[in-house]
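One structure below.
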Amino acid sequence: MKEIKIATTLYLYDDLDALPKEVILLMQKAIEARDKAYAPYSNFSVGAALLLDNGKIITGSNQENASYPSGLCAERTAIYYAGSQYPKAKIIRMAISAGSKNKQTTEPIPPCGACRQAIAEYEIKQDTPIEIYFMGSTGKVAKSNSLANLLPLVFDRSVL
Ligand code: THU
């Protein structure tokens with residue numbers, strides 16, 4: 001038996017203003033997108049903004065449904081739109097902001113496992129890392145240099 005330890009690296013910024021200007025602008029798009037969330041069941045709204053290498057910014061928000069599993073997270077709404085509209089463009093970075101009507105979200109809120117799996121597909125497809133920035137509605141911002149850092153032991157096409 002052999003023990004395997006897996007380490008990952010994240011960078012934590014005290015607030016949005018500590019980030020480079022272009023990242024602040026992208027996060028502001030994510031925050032604006034959060035206001036367009038349709039989340040009457042969870043009261044938890046998420047916005048995501050992607051910067052593509054063609055200069056386009058794609059945004060998405062979570063869209064819920066009375067049949068709960070039919071809803072979709074903000075990150076997948078955005079990345080599937082980007083993939084369907086700009087299939088050849090590479091994704092440079094993604095900014096995510098999550099907020100709840102029920103409580104203040106001041107700590108970074110990472111993308112869920114299903115969204116990490118979806119983003120991983122595009123990172124592997126384009127063969128360059130996607131930077132991921134995530135936060136609550138205010139406060140600290142976390143950065144991962146790649147999706148791979150957020151999803152060790154990824155299930156990918158290599159096993160198929
Ligand atoms: N949600 C997202 O949009 N992204 C995530 O990464 C986690 C969860 C949404 C789904 C649902 O509409 C609400 O947040 C509560 O789970």
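Along the sequence shown, residues are numbered consecutively beginning with 1. We count ligands from 1, going down the list as the structure has it; atoms in each ligand are counted the same way.
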Which of the ligand 1 atoms, numbered from 1, are nearer than 4.0 Å to a heavy atom of [X]:
{"X": "S42", "result": "13 (C), 15 (C)"}
{"X": "P111", "result": "6 (O)"}
{"X": "E64", "result": "11 (C), 12 (O), 13 (C)"}

Identity and separation of the nearest protein heavy atom to [atom]:
{"atom": "atom 9 (C) of ligand 1", "value": "N62 ND2, 3.5 Å"}
{"atom": "atom 14 (O) of ligand 1", "value": "F44 CD2, 3.3 Å"}
{"atom": "atom 4 (N) of ligand 1", "value": "E75 OE1, 2.8 Å"}
{"atom": "atom 7 (C) of ligand 1", "value": "C112 CB, 3.8 Å"}
{"atom": "atom 10 (C) of ligand 1", "value": "C73 SG, 3.9 Å"}

Original post:
Does CG belonging to N54 count more than 12 external heavy atoms closer than 6.0 Å?
Top reply: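 Enclosed.
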
Original post:
OH of Y41: more than 12 outside heavy atoms within 6.0 angstrom?
Top reply: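 Count over threshold, so yes.
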
**OP:** Indicate the atoms forming the closest heavy-atom contact of V154 with Q117, along with that distance.
**Re:** CG2-OE1, 4.2 Å

Original post:
Quick one: hydrophobic cluster around L26, which other residues, with the 4.5 Å side-chain cut-off, linked directly or via members?
Top reply: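 Noted: L26 shares its cluster with L51, I57, I92.
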
Subject >> contact_flag A39 ligand 1 heavy-atom lt 4.0 Å >> reply: no

Subject >> Approximate separation, where rounding is to 0.5 Å, of L10 CG and L150 CG >> reply: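 Reported value, rounded in 0.5 Å steps: 6.0 Å.
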
Quick check: do [X] and [Y] have side-chain heavy atoms less than 4.5 Å from each other?
{"X": "I24", "Y": "Q28", "answer": "yes"}
{"X": "F155", "Y": "L160", "answer": "yes"}
{"X": "L50", "Y": "Y122", "answer": "no"}

**OP:** Determine, counting only non-hydrogen atoms of the protein, whether one lies under 4.0 angstrom from atom 16 (O) of ligand 1.
**Re:** no

Subject >> Option with minimal heavy-atom separation from atom 3 (O) of ligand 1, where the choices are A74, S45, G60, A37 >> reply: A74

